[in-house]
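Since the structure comes first, as structure tokens, the remarks are kept for the end.
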Amino acid sequence: MQIDKVYEPQRFEPHWAEWWVSSGIFHAEPSKGGKVFSLVIPPPNVTGSLHMGHMLEHTEIDVTTRWHRMRGHNTLWLPGTDHAGIATQMVVERQLAKEGLTRHQLGREEFEKRVWQWKEEYGGNIVRQMIRTGTSCDWSRQRFTLDEGLSRAVREVFVRLYEKGLIYRGQYMINWCPRCLTALSDLEVVHEESQGNLWHIRYPVVGTDRYLVVATTRPETMLGDTAVAINAKDERYKDLHGRTVRLPLMDREIPIILDDMADPEFGTGVVKVTPAHDPNDFAAGQRHNLPRIEVIDKHAKMTENAGRFAGLDRFDARKQVVAALDELAVLDKVEPYQLNAGRCQRCKTIVEPLVSKQWFVSMKPLAQPAIEAVESGRIRFIPENWSKTYFEWMYNIRDWCISRQLWWGHRIPAWHCEECDEIIVARETPERCKCGSTNLVQDPDVLDTWFSSGLWPFSTLGWPEKTIDLATYYPTTLLITGFDILFFWVARMAMMGLECMGEVPFSDVYIHGLVRDADKQKMSKTKGNTIDPLVVTEQYGTDAVRFALLRGAAPGTDIVVSQDRVESARAFANKIWNAARFIFMNMEKAGIEDYDPGETDCCMGEPHEASLAVPLEDRWIFAKLNRAAENTSRAIEAYRYHEVADTLYHFFWGEFCDWYVELKKLRIQEFPDSKANIRNLLKAFEISLRLLHPVMPFLTEELWQRLVRKTDRRPASIALARFPEYDNSAVDFPAAHEMSLLQDIVTAARNLRTDLQITDPKQVLDGVLYSTTAALHVARSERNAIERLANVKLELREEHAPKTEGTAIRSTPEFDLVLSVPVAQADAQRKRLQKDIEQLEKVIANSQRQLGDETFINKAPAKVVDGIRAKLVEYESQLGKNRSALEGLVAQ
RNA sequence: GGGCCUGUAGCUCAGUUGGUUAGAGCGCCUGCUUGACACGCAGGAGGUCACAGAUUCGAGUUCUGUCAGGCCCACCA
């Protein structure tokens with residue numbers, strides 16, 4: 001049995017990554033029965049490549065999924081990708097542009113072909129990256145939001161909602177991106193503050209010599225004004241009601257209306273009304289039946305209605321309108337103003353509110369059940385406070401504009417009759433209209449990409465067919481995702497799931513944090529501070545990257561990744577690797593080929609049952625394994641991934657390597673022929689590998705495959721082996737106690753050596769251990785181990801240390817350790833004692849103060865009071881010992 | 001304008017229901033090429049838990065306020 005001297009994950013990770021897929025070990029089988037754990041991946045965009053956010057998300061999902069699988073649950077992690085409407089269309093358009101082509105030149109059909117081509121060629125990129133990073137998905141069930149089955153689900157939902165009256169079509173004001181040339185939903189508009197102006201313009205009141213001053217941030221829209229509004233309660237303008245104003249530049253007479261939209265407190269209290277270009281004004285226009293004059297078109301250019309400004313870009317028009325107003329001397333004043341412009345999420349172009357005929361989903365009826373699902377706890381957010389954000393959005397929900405003027409996406413299943421204007425919404429292409437005409441044209445628009453994403457948890461499982469998958473794996477158990485798509489995706493899945501399936505799509509929603517760089521900056525391509533997970537994976541290994549991410553992944557906090565964190569995680573992986581090397585080396589020496597776990601592969605209690613015949617370190621490590629298994633499981637269940645990482649790190653490094661392996665070395669020297677000794681070591685290591693597997697899948701698979709004998713009983717992969725479970729019978733308190741005494745004695749001796757400035761670790765010191773407690777028995781039975789670990793030669797005495805005895809003393813409640821040294825290092829020792837004494841005096845004073853407090857004694861639970869009493873006795877005894885030692889030193 | 005989160009060691013963060021000398025990783029200091037590992041071993045220094053009050057026998061932990069950051073939502077021209 002040989003393994004490479006250096007931990008080089010690059011040498012084995014790709015192999016296991018491929019094998020995990022080709023062997024099909026992650027394939028879910030509905031007929032397996034038993035407890036189900038199912039989860040759908042938040043489908044990454046096909047255009048995407050894996051970034052740290054994905055890596056974190058996938059790692060958290062993978063840890064949880066592997067853990068469930070190892071516990072024997074019927075486990076499904078369903079993977080797939082999203083067609084990502086605008087994003088993908090943009091990518092392909094850019095590619096076309098390089099060839100000097102536009103999509104319009106190509107035509108719709110050709111263009112769609114090109115996008116599919118692109119998808120076949122490059123769309124698999126992110127999937128390959130996921131496979132390389134070891135995500136344990138069931139790749140046989142991989143889905144794409146635009147594939148046949150999902151498209152059918154989309155049509156089905158659309159038709160059903162339409163028939164229920166929850167989808168409607170109409171002329172409303174929507175967000176329009178003049179670059180993408182499509183409508184956008186409110187969520188796809190991001191608001192950014194920028195510095196602008198507030199222009200005050202005088203509108204002369206017809207038939208008087210007065211004028212009204214309106215304030216606007218967008219003077220170019222005044223060309224489309226069809227009224228000015230004042231508040232009925234505003235005394236200043238009361239008498240003007242019923243009159244009209246003359247619109248400058250356009251020379252149009254428009255009415256003065258009364259409306260609450262005008263706030264007497266704000267500006268001049270007069271608002272210009274442009275029903276065609278502002279959402280507020282649109283509503284006011286409807287209230288007052290005002291005409292809508294469109295002065296800006298879909299390209300954000302001024303229309304013919306803009307008179308002499310026609311053809312200008314909206315921003316040029318703004319400048320020219322202002323100049324013209326200035327010339328007319330109707331510009332009252334200009335003041336700087338902070339404005340909040342909406343921009344297209346994808347291309348950052350300032351969106352233009354336009355009136356347009358679009359398809360909408362009526363959201364209020366869908367929101368209600370989704371609200372109740374969270375209120376009743378059928379859906380649970382972790383961390384919990386995300387439910388507040390969810391509620392806030394749900395309560396104020398507005399209808400969803402779902403039609404997009406794009407070519408890449410789910411074509412809206414509606415056909416327009418060219419003869420009679422009838423609209424036919426149908427699952428399959430209709431042949432003829434009610435009127436008998438066969439002249440039917442399908443609606444050219446496609447659906448918002450999030451429409452199909454909203455169906456993901458059931459569409460991927462075969463809905464609307466009644467499949468076994470659907471029956472088995474819906475509702476899914478858990479969703480792990482980022483807060484940035486809480487509304488886009490999570491909320492809509494909740495609504496669609498409840499509407500179409502009558503049941504929540506998932507019961508737990510774990511919202512992970514944001515990945516940040518070493519300077520706590522959000523990672524973004526534009527900032528150039530991204531760390532490519534594939535690059536660090538190649539450099540340090542997937543396991544190290546996973547571990548580094550998990551260590552910082554406390555719920556509700558952001559996750560910082562940096563080179564040194566990954567390095568530290570790699571050091572841990574390396575530690576495991578080297579422990580394996582030690583173990584393999586000893587197997588070889590003992591002539592043991594491999595490890596045969598025997599009948600049971602998850603038994604933790606066996607070595608303990610053999611009781612005192614079993615070496616202390618074995619009894620202890622199985623007890624510790626037991627505890628680590630318990631803590632790991634509990635942390636995974638609670639999505640406390642940082643605790644998972646921490647538990648494993650401290651168990652394996654601090655307990656397994658630092659103490660267990662060190663003691664085993666001595667034991668092997670002592671009993672070179674004992675195979676039982678090695679077997680316990682192997683057993684403990686094998687269990688540790690299983691414990692580590694969900695977090696560090698590659699490394700553990702590599703070692704486990706080499707270590708564990710291939711038998712009929714043995715699963716093909718460690719991923720299918722049992723996760724170590726907490727075993728009550730393996731709780732070994734005596735072993736834990738004895739071991740901690742051993743550790744205390746060794747540590748005391750090491751501390752003393754440092755105090756005494758014994759720099760040569762090989763120098764053996766003589767010493768005496770005084771104890772009247774269990775420490776003496778441990779020292780007796782484990783004398784060799786203690787002496788070797790601390791490099792001392794001990795005499796054991798069952799008595800308290802005499803006051804006069806030596807100066808190099810370390811005292812604990814259990815024992816006093818005195819080392820004799822040729823040359824006394826009085827200074828260092830004195831400093832140490834003084835520091836200890838100070839510290840003890842402080843805690844003693846504190847304990848005494850508490851115990852002297854009548855109310856404390858009466859009110860605090862007896863357990864706490866007794867605890868402090870007991871501690872006080874210990875402190876005082878230690879203080880006494882330290883003081884006499886210090887006196888001894890001074891006397892010297 | 002509304003809502004949410006954060007402030008603990010030089011840095012990045014843990015700290016479950018208030019209870020017994022506040023922890024980790026990285027960095028720093030000292031000493032060690034110890035037959036698994038220098039990606040290592042053994043020791044060590046470093047904190048009035050942002051500030052001010054309140055509740056309590058007892059507060060890093062609960063409440064209020066202040067200050068400082070960050071995020072989300074919103075049609076005030």
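Order of the sequence lines sets the chain letters (A, B, ...), proteins ahead of strands, with each chain counted from 1.
For A36(B), its base sits under 3.5 Å from the side chain of E662(A) at one donor and acceptor pair at least.
One atom, CD of Q763(A), and another, P of G31(B), lie 16 Å apart when rounded to the nearest Å. Remark: C1' of C39(B) and CG of D4(A) are 15 Å apart, rounded to the nearest angstrom. Taking atom CD1 on I868(A) and atom C1' on C57(B), their separation rounds to 10 Å, with Å as the unit. The nearest whole Å value for the distance from the CZ atom in R869(A) to the P atom in U20(B) is 17 Å. Remark: P of C37(B) and CG of N574(A) are 10 Å apart, rounded to the nearest angstrom. As rounded to whole Å, 20 Å separates atom C1' of G25(B) from atom CZ of F651(A). Put simply, CE on M394(A) is 17 Å from C1' on G3(B), counting in whole angstrom units. Here C71(B) presents its C1' atom at 12 Å from CG of N385(A), a figure rounded to the nearest Å.
Spacing of P atoms, G40(B) relative to G23(B), comes out at 24 Å, to the nearest Å. Taking atom C1' in both U34(B) and C41(B), one finds a spacing of 8 Å when rounded to whole Å. Nucleotides C75(B) and G60(B) have their C1' atoms positioned 44 Å apart, rounded to a whole Å. Taking atom C1' in both U56(B) and G19(B), one finds a spacing of 12 Å when rounded to whole Å. Rounded to a whole angstrom, the distance from the P atom of C29(B) to that of A45(B) is 15 Å. Across A24(B) and A9(B), the matching P atoms stand 14 Å from one another, rounded to whole Å. Look at the C1' atom in both A59(B) and U8(B): the space between them is 14 Å, to the nearest Å. Nucleotides A52(B) and A14(B) are separated by 27 Å at their C1' atoms, to the nearest Å.
Of the candidates G19(B), A36(B), A42(B), A42(B) carries the atom nearest the D658(A) side chain, counting heavy atoms from C-beta on. Distances from the side chain of K575(A) to the nucleotides C57(B), G40(B), A45(B) place G40(B) closest. Which of U56(B), A14(B), C39(B) sits closest to the side chain of K859(A) comes down to U56(B). Among the nucleotides C37(B), A42(B), A36(B), the one closest to any side-chain atom of V661(A) is A36(B).
Note on R753(A): nothing from the nucleic acid sits closer than 4.0 angstrom, heavy atoms only. As judged by a 4.0 angstrom heavy-atom cut-off over every strand, E841(A) is placed among residues making no nucleic acid contact. Nucleic acid contact class of V273(A) (heavy atoms, under 4.0 Å, all strands): none. At a threshold of 4.0 angstrom between heavy atoms, the contacts of W653(A) are confined to the sugar-phosphate backbone, with no base atom among them. P353(A) comes within 4.0 angstrom of no nucleic acid atom, judged by non-hydrogen atoms across all strands. Across all strands shown, G552(A) has no heavy atoms under 4.0 Å from either base or sugar-phosphate atoms.
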Which protein N or O atoms sit under 3.5 Å from an N or O of nucleotides 33-35 of chain B?
none

Check nucleotides 72-77 of chain B for protein N or O atoms closer than 3.5 Å to its own N or O atoms and list the pairs.
residue	atom	partner	partner atom	Å
A74(B)	N6	N340(A)	ND2	3.3
C75(B)	OP1	R398(A)	NH1	2.4
C75(B)	O2'	N280(A)	ND2	2.9
C75(B)	O2	N280(A)	OD1	2.3
C75(B)	O2	N280(A)	ND2	2.8
A77(B)	OP2	Y337(A)	OH	2.6
A77(B)	O2'	A215(A)	O	2.4
A77(B)	N6	D263(A)	O	2.9
A77(B)	N6	F266(A)	O	2.4
A77(B)	N1	D263(A)	N	3.0

Distances for protein N/O vs nucleotides 21-24 of chain B N/O pairs under 3.5 angstrom?
residue	atom	partner	partner atom	Å
U21(B)	OP1	Y875(A)	OH	2.6
U21(B)	O2	Q839(A)	NE2	3.0

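Distances shorter than 4.0 Å separate none of the side-chain N or O atoms of R570(A) from OP1 or OP2 on C37(B). Taking 4.0 angstrom as the limit, K388(A) places a side-chain polar atom (N or O) nearer than this to OP1 or OP2 of C4(B). Close to A38(B), at under 4.0 Å from its OP1 or OP2, lies no side-chain N or O of N578(A).
Side-chain contact between E702(A) and L699(A) is absent, with no heavy atoms from C-beta onward closer than 4.5 Å. Side-chain atoms of Y660(A) and L681(A), non-hydrogen and from C-beta on, do get closer than 4.5 Å to each other. Inter-residue side-chain proximity for V545(A) and M52(A) is flagged as met; some heavy-atom pair is nearer than 4.5 Å. Contact of the T274(A) side chain with the T226(A) side chain is not registered, since no non-hydrogen atoms from C-beta on lie closer than 4.5 Å.
Comparing N586(A) and D564(A), the nucleotide of RNA chain B nearest to each residue sits closer to the 5' end for D564(A). Annotation: of the two residues near RNA chain B, H642(A) and G556(A), the 5′-most nearest-nucleotide partner is G556(A).
Annotation for G269(A) and A262(A): closest pair O-CB, 3.6 Å, computed over non-hydrogen atoms.
Relative to the six-membered ring of W400(A), R492(A) meets both conditions, a distance below 6.0 Å and an angle of at most 45° to the axis.
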With side chain to side chain contact (heavy atoms under 4.5 Å, CB included) as the criterion, how do V515(A) and D558(A) come out once you've worked through the C-alpha distance, each side chain's angles and the decisive distance to 0.1 Å? CA-CA 6 Å; V515(A) 178; D558(A) 291 338; over 6 Å; no
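Ring geometry, F483(A) versus W386(A): the interplanar angle falls under 30°, so the pair is classed parallel (tilted spans 30 to 60°). Aromatic ring pairs are classed by plane angle as parallel below 30°, tilted from 30° to 60° and perpendicular above 60°; the pair F656(A) and F652(A) is parallel. Using cut-offs of 30° and 60° on the angle between ring planes, the pair F266(A) and Y337(A) is perpendicular. In this structure, Y641(A) and Y639(A) have tilted ring planes: the angle between them lies in the 30° to 60° band.
Remark: the S847(A) side chain and the Q850(A) side chain contain no N/O donor-acceptor pair separated by less than 3.5 Å. Side-chain contact of N231(A) with Y237(A): a donor-acceptor pair under 3.5 Å is absent, judged by distance alone.
Applying the side-chain contact (heavy atoms from CB on, under 4.5 Å) test to A785(A) and every residue at least two apart in sequence or in another chain returns L663(A), L666(A), E782(A). Scored by the side-chain hydrogen bond (donor to acceptor under 3.5 Å, both in side chains) test, E335(A) finds H200(A) as partners (sequence neighbours excluded).
Considering CD1 of I559(A) and CZ of R551(A), their distance stands at 14.5 Å, rounded to 0.5 Å.
Checked by atom type and distance alone, the side chain of S877(A) never pairs as donor or acceptor with a backbone atom of V873(A) at under 3.5 Å.
In RNA chain B, runs of at least 3 stacked Watson-Crick or G-U pairs (N1-N3 plus N6-O4 or O6-N4, or N1-O2 plus O6-N3, all under 3.5 Å) give these stems: B:1-7 with B:67-73, B:10-13 with B:23-26, B:28-32 with B:40-44, B:50-54 with B:62-66.
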